[in-house]
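To start, the structure itself, in structure tokens.
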Amino acid sequence: STDEHRAILPLYARRMALLEQLFTAAAEHHTNLAGHHRTFALTLQGVLDVHTLFALETGEPLDEGLRYRIVKQFMYGMWSL
């Protein structure tokens, strides 16, 4: 494990915990989401990571239109259960 990896792990774990809490809470109102909180959290975290890395590498901004498309794409997959 690199120093960089050790430095980012607590932040990554915190984001994962927050995303799991988000999807656990959502399942209270949308029962088809129940039991999928970890999968949704991991998937959304991966989508966010990839888009962030792409923006950092290319300089392309994460503008409102792109954020809308990312959310829309993720939600289509989530509701297809």
For this session: Give me the other members of the hydrophobic cluster that Met16 sits in, counting Ile, Leu, Val, Met, Phe, Trp and Tyr linked by side-chain heavy atoms under 4.5 Å, directly or via other members.
Result: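 Members besides Met16, by chain and number: Leu42.
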What is the minimum heavy-atom distance between [X] and [Y], and which atoms define it?
{"X": "Ile70", "Y": "His51", "result": "CD1-CG, 3.5 Å"}
{"X": "Leu33", "Y": "Ala26", "result": "CD1-CB, 4.0 Å"}
{"X": "Pro10", "Y": "Ala7", "result": "CD-O, 3.5 Å"}
{"X": "Thr52", "Y": "Leu48", "result": "OG1-O, 2.7 Å"}

Exercise. Out of curiosity, Tyr68 OH to Gln73 CD, how far, rounded to the nearest 0.5 Å?
Worked result: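 Nearest 0.5 Å value for the OH-CD distance: 12.5 Å.
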For this session: Check the hydrophobic clustering (I, L, V, M, F, W, Y; side-chain heavy atoms under 4.5 Å; chains of links allowed) and say if Val47 and Leu62 are grouped together.
Result: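 Yes, one cluster joins them.
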Exercise. Do Phe74 and Thr43 have side-chain heavy atoms sitting under 4.5 Å apart?
Worked result: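 When only atoms from C-beta onward are counted, Thr43 and Phe74 do touch, with a gap below 4.5 Å.
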Exercise. Between Thr39 and Phe23, is any pair of side-chain heavy atoms under 4.5 Å apart?
Worked result: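 No. Closest side-chain heavy atoms not under 4.5 Å.
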For this session: Using the side chain to side chain donor-acceptor pair (under 3.5 Å) rule, collect all pairs that involve residues 56-65, keeping only residues at least two apart or in two chains.
Result: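 Those involving residues 56-65 are Glu64-Arg67.
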Exercise. Does anything in residues 7-26 pair up under side chain to side chain donor-acceptor pair (under 3.5 Å), and if so which pairs, sequence neighbours excluded?
Worked result: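 For residues 7-26: Tyr12-Gln45, Arg15-Gln45, Arg15-Asp49, Glu20-Arg38.
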